[in-house]
Novice: 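My structure is below; once you've seen it, I'll send some questions.
Below, read A as the first sequence line, B as the second, and so on, with proteins coming before strands; counting in each chain starts at 1.
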Amino acid sequence: MKLYDTAEGKVTELTLRNPKEVSMYVCGPTVYAPPHLGHGRFALNFDILRRYFLYLNYKVIYVSNITDIDDKIIQRANQENKLTNEIAATYENKWFEDMGKLNILKPTYSPHATEYIEAMVDLIKKLVEADYAYETEDGIYLEVSKIQNYGFLSGQDVNSLKSGARVEINEKKKSPLDFTLWKLSKPSEPSWPSPFGMGRPGWHTECVVMSLQLLGEGFDIHGGAQDLIFPHHENEVAQATALSQKFAKHWVHCGFVTVSGEKMSKSLNNYTTLEELLAFHDARSLRLLILQSHYRSPLEITKETLETADNALARLDSAYRRFKDQHLDLPDNSSIKTMYSKYFEEFELAMNNDLDTPKVTSQIFNLISQANTMADNGQIQEGAEIFAVTKIICESLGLELKDSSEELDPTTLDLVAKRDAARINKDFKAADEIRNRLALLGWTVEDTALGTRVHR
RNA sequence: GGCGGCGUGGUCGAGUGGUUUAGGCAGGGGCCUGCAAAGCCUCGUACGGCGGUUCGAUUCCGCCCGCCGCCUCCA
């Protein structure tokens, strides 16, 4: 399988530490606010990658951290007059609630920063002892100039980094590029003991410690969104390098969600929360929309693009209803895979090419057309089998198809029955009136050879 | 200033050195249907600009224009 590797700047063959197992670390959220579409995208992109490994029968160890202590959490706690751990708990719950709605698999491990403080202190101690870190009046810093190859991940030349481009330079540091390992706390702030004084760990230290501890040296994939490449991931590498620890083998970064061409972010205040989106759209539409574009490209997520995805999804669901109603005896999934191996080969070929999910969605819609055409021509069984292929592919990407008529309530069922009766009596006026009523209730009626079908 | 990326038909969004098309959505026409819905068939010939390489470039190279990202916390 080929994946783009940020460090190499090109698509390369993915090699695994252990041939049957994939170890991946994906930087998780800092829990101080509800997740927005940008979070949804990266979580979905990496969920899709993970599920594809599962489809290929790899064992996947998926680690994604929860940053539950940092400046923003403290700030939020102060604003709301709450404890930092209350804020963290609230938004961690919100995170997993929304992730659940998006059908994102839970990480194998979700380590919390606050559970790894001792290990972080140990790492910082080693860095200080090895003379890679120094102390100032407000904390411990890593001295970047001592790191060989600093900048290799992000392709940055240390000398040409424009320090202080948009932020004030901290005069206490030896170099503006040096970054915090341990931040000494002010009296009112949450703090943990360390040989350097009471304080809290720097963000970049968290991820190195937790990834190496849970996955071990030389783990396979480290992921995140593109804004983490520099300095966050570069700084993680720097710490591992300083301690001669083998770090991630392969770096995967996904693109941003954009709003009118600009990055969606908290600071630009142009974001939409996942909750807001889910109030008006099927969560599956977001997944489909994300599958239809490449994970490294910027993606506009708007009312219009989501409505488009809603409609496209309806096409998939409608095929699902159609073949489900036939009540056919279909071969099991593994037989389907054998019988229609060429479609699965096509699927894998696309996915193996740096996750070409847009090509896969194109394949999915072509298969749907093929299945429908067959069924229209009386080849119901073959059509249903082709549809089964499609369904397996969709589900392997976390896209579940469903029949909304399963949610029918008795009142609606009664209306449907009355309309059927009217139609049998050729009382089309009455039948159409009922159909209009159903439409007002949000139900669309389909009269099919197998009876009346109603769906959202 | 350094590094990285983008500019595709009404729209979203892939991809590719050339013969036949990504795909979705929207739209036109048709079949089917009591009418619809769903489905099927069908129509629309696009790749920012200027050069270069080539038998041939949207696809490679150079330059230019426009846009965006990172160099601060950021998914």
Novice: With a non-hydrogen cut-off below 4.0 angstrom, is A:Ile229 in contact with a base, only sugar-phosphate, or nothing?
Specialist: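 No contact.
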Novice: Is a donor-acceptor contact shorter than 3.5 angstrom present between the side chain of A:Asp447 and the base of B:rC35?
Specialist: yes
Novice: Does A:Arg296 put a side-chain nitrogen or oxygen below 4.0 Å from OP1 or OP2 of B:rG69?
Specialist: no
Novice: Test for a donor-acceptor pair under 3.5 Å between the base of B:rA36 and the side chain of A:Arg435, counting only N and O atoms.
Specialist: yes
Novice: Quick one: do A:His233 and A:His204 satisfy ring pair (Phe, Tyr, Trp, His ring centres under 6.0 Å)? Show the steps, please.
Specialist: CA-CA 7 Å; A:His233 286 162; A:His204 311 308; 9.3 Å; no
Novice: Determine, for A:Lys359 against A:Glu346, whether the closest basic-nitrogen to carboxylate-oxygen distance falls under 4.0 angstrom.
Specialist: no
Novice: By nearest nucleotide on RNA chain B, pick out whichever of A:Phe256 and A:Pro29 is the more 5' one.
Specialist: A:Phe256
Novice: If only side-chain N and O atoms of A:Ser154 are considered, is one of them under 4.0 Å from the OP1 or OP2 phosphate oxygen of B:rG4?
Specialist: no
Novice: Can you tell me how far C1' of B:rG5 sits from CG of A:Asp227, to the nearest Å?
Specialist: 14 Å
Novice: Which comes earlier along RNA chain B counting from the 5' end, the contact point of A:Asn372 or that of A:Asn235, where each point is its nearest nucleotide?
Specialist: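 Here A:Asn372 is the residue nearer the 5' end.
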Novice: Once you apply a heavy-atom cut-off of 4.0 Å, does A:Glu304 come out as touching a base, just sugar-phosphate, or nothing?
Specialist: nothing
Novice: Using only modelled atom types and a 3.5 angstrom limit, is any donor from either the side chain of A:Lys72 or the base of B:rC73 paired with an acceptor on the other?
Specialist: yes
Novice: Would you mind reading off the distance between A:Asn436 atom CG and B:rA36 atom P, rounded to a whole angstrom?
Specialist: 14 Å
Novice: In whole Å, what is the span from the CG atom of A:Asn366 to the C1' atom of B:rC41?
Specialist: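 For the pair A:Asn366 CG and B:rC41 C1', the rounded distance is 15 Å.
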Novice: Would A:Arg322 count as a cation-pi partner of A:Phe387, with NZ or CZ less than 6.0 Å from the six-membered ring centre and within 45° of the ring normal?
Specialist: no
Novice: Using purine N1 to pyrimidine N3 plus N6-O4 or O6-N4 for Watson-Crick, or N1-O2 and O6-N3 for G-U wobble, each under 3.5 Å, what pairs with B:rG39?
Specialist: B:rC31
Novice: Using atom P in both nucleotides, what's the gap between B:rC63 and B:rG5 to the nearest angstrom?
Specialist: 14 Å
Novice: Provide the distance between the two P atoms, one in B:rU20 and one in B:rC55, to the nearest whole Å.
Specialist: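 Roughly 23 Å separates the two P atoms.
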Novice: Tell me whether the side-chain N or O atoms of A:Arg423 pair up with the base of B:rG34 as donor and acceptor below 3.5 Å, since no angle test is needed here.
Specialist: yes
Novice: Nearest whole angstrom, please: distance from the P of B:rC25 to the NE2 of A:His281.
Specialist: 16 Å
Novice: Could you tell me if A:Lys174 sits above the aromatic ring of A:Tyr134, with its cationic atom closer than 6.0 Å to the ring centre and no more than 45 degrees from the axis?
Specialist: yes
Novice: Base, sugar-phosphate, or nothing for A:Asn311, non-hydrogen atoms under 4.0 angstrom?
Specialist: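 Touches sugar-phosphate only.
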Novice: So, does A:Thr30 get its side chain near the phosphate of B:rC73, meaning an N or O under 4.0 Å from OP1 or OP2?
Specialist: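 Negative; the distance criterion is not met.
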Novice: Provide the distance between the two C1' atoms, one in B:rA14 and one in B:rC25, to the nearest whole Å.
Specialist: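 Taking atom C1' in both B:rA14 and B:rC25, they lie 15 Å apart.
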Novice: Would you say B:rG34 has OP1 or OP2 under 4.0 Å from some side-chain N or O of A:Lys429?
Specialist: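 For B:rG34, neither OP1 nor OP2 has a side-chain N or O of A:Lys429 closer than 4.0 Å.
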Novice: With P as the reference atom in both, quote the distance from B:rC31 to B:rC68 in angstrom, rounded to an integer.
Specialist: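 After rounding to an integer number of Å, I get 50 Å for this pair.
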Novice: When you check the gap from the basic side-chain N to the acidic O, do A:Lys72 and A:Asp70 get nearer than 4.0 Å?
Specialist: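 Looking at A:Lys72 and A:Asp70, the cut-off is not met.
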Novice: Does A:Lys249 make a cation-pi contact with A:Phe219, if we ask for NZ or CZ under 6.0 Å from the ring centre and within 45° of the axis?
Specialist: no
Novice: In whole angstroms, how far is the P atom of B:rA22 from the CD atom of A:Gln363?
Specialist: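 Result: 17 Å.
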Novice: By a 5.5 angstrom centroid cut-off and a 30 degree plane limit, is there stacking between A:Phe428 and B:rG34?
Specialist: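 It does: the ring sits over the base of B:rG34.
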Novice: Need one value for A:Lys426: base, sugar-phosphate or nothing, where a base atom within 4.0 Å counts as base even if backbone is also close, heavy atoms only.
Specialist: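 No contact.
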Novice: How would you label the contact of A:His36 with the nucleic acid (heavy atoms, under 4.0 Å): base, sugar-phosphate, or nothing?
Specialist: base
Novice: Across all strands, who's sitting opposite B:rA14 as a Watson-Crick or G-U wobble pair, both distances under 3.5 Å?
Specialist: none
Novice: Describe the nucleic acid contact of A:Phe365 in one word from base, sugar-phosphate, nothing, applying a heavy-atom distance below 4.0 Å.
Specialist: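 Contact class for A:Phe365: sugar-phosphate only.
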Novice: Counting the atoms with a prime plus P, OP1 and OP2 as sugar-phosphate, which does A:Asp70 contact under 4.0 Å by heavy atoms, base, sugar-phosphate, or nothing?
Specialist: nothing
Novice: Nearest whole angstrom, please: distance from the P of B:rC68 to the NE2 of A:His253.
Specialist: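 The answer, rounded to whole Å, is 23 Å.
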Novice: For a quick check of understanding: with a heavy-atom distance under 4.0 Å over all strands, which category does A:Ser297 fall into, base, sugar-phosphate or nothing?
Specialist: sugar-phosphate
Novice: If B:rU53 has a Watson-Crick or G-U wobble mate with both distances under 3.5 Å, name it; if not, just say none.
Specialist: none
Novice: Regarding A:Asp325 and A:Arg453, does a basic nitrogen lie under 4.0 Å from an acidic carboxylate oxygen?
Specialist: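 Looking at A:Asp325 and A:Arg453, the cut-off is met.
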Novice: Could you measure between the two P atoms, the one in B:rU42 and the one in B:rC6, and give it in whole Å?
Specialist: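 Pairwise P distance, B:rU42 against B:rC6, rounds to 34 Å.
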Novice: Can you tell me, in whole Å, how much space there is between the C1' of B:rG29 and that of B:rG56?
Specialist: 36 Å
Novice: Contact class for A:Gly255 vs. all strands (heavy atom < 4.0 Å): base, sugar-phosphate, or nothing?
Specialist: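 Contact class for A:Gly255: base.
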Novice: So A:Pro231, base contact, sugar-phosphate only, or nothing? Heavy-atom distance under 4.0 Å.
Specialist: sugar-phosphate
Novice: With a 3.5 Å cut-off and heavy atoms only, can you find an N or O donor on one side and an acceptor on the other between the side chain of A:Asp432 and the base of B:rG34?
Specialist: yes
Novice: When the ring centroid of A:Phe46 is compared with that of A:Tyr295, is the distance short of 6.0 Å?
Specialist: no
Novice: Between B:rG52 and B:rC12, how many Å separate the two P atoms, rounded to a whole number?
Specialist: 33 Å
Novice: Would you say A:Lys266 reaches B:rA75's phosphate, i.e. side-chain N/O to OP1/OP2 under 4.0 Å?
Specialist: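 Answer yes for this pair, as a side-chain N or O of A:Lys266 is under 4.0 Å from OP1 or OP2.
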Novice: Could you check whether A:Arg200 makes a cation-pi contact with A:Trp182, meaning its NZ or CZ is under 6.0 Å from the centre of the six-membered ring and within 45° of the ring axis?
Specialist: no
Novice: Sticking with atom C1', work out how far B:rG44 lies from B:rG4, rounded to a whole angstrom.
Specialist: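 Looking at atom C1' only, B:rG44 and B:rG4 are 37 Å apart.
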Novice: What is the distance, rounded to the nearest whole Å, between atom OH of A:Tyr150 and atom C1' of B:rG2?
Specialist: 14 Å
Novice: Within the modelled atom types, does a donor on one side and an acceptor on the other bring the side chain of A:Gln156 and the base of B:rG2 under 3.5 Å apart?
Specialist: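 Such a pair is found, so the answer is yes.
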Novice: Could you tell me whether A:Ser369 contacts a base, only the sugar-phosphate backbone, or nothing, with contacts defined as non-hydrogen atoms closer than 4.0 Å?
Specialist: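 Counting heavy atoms under 4.0 Å across all strands, the contact made by A:Ser369 is with sugar-phosphate only.
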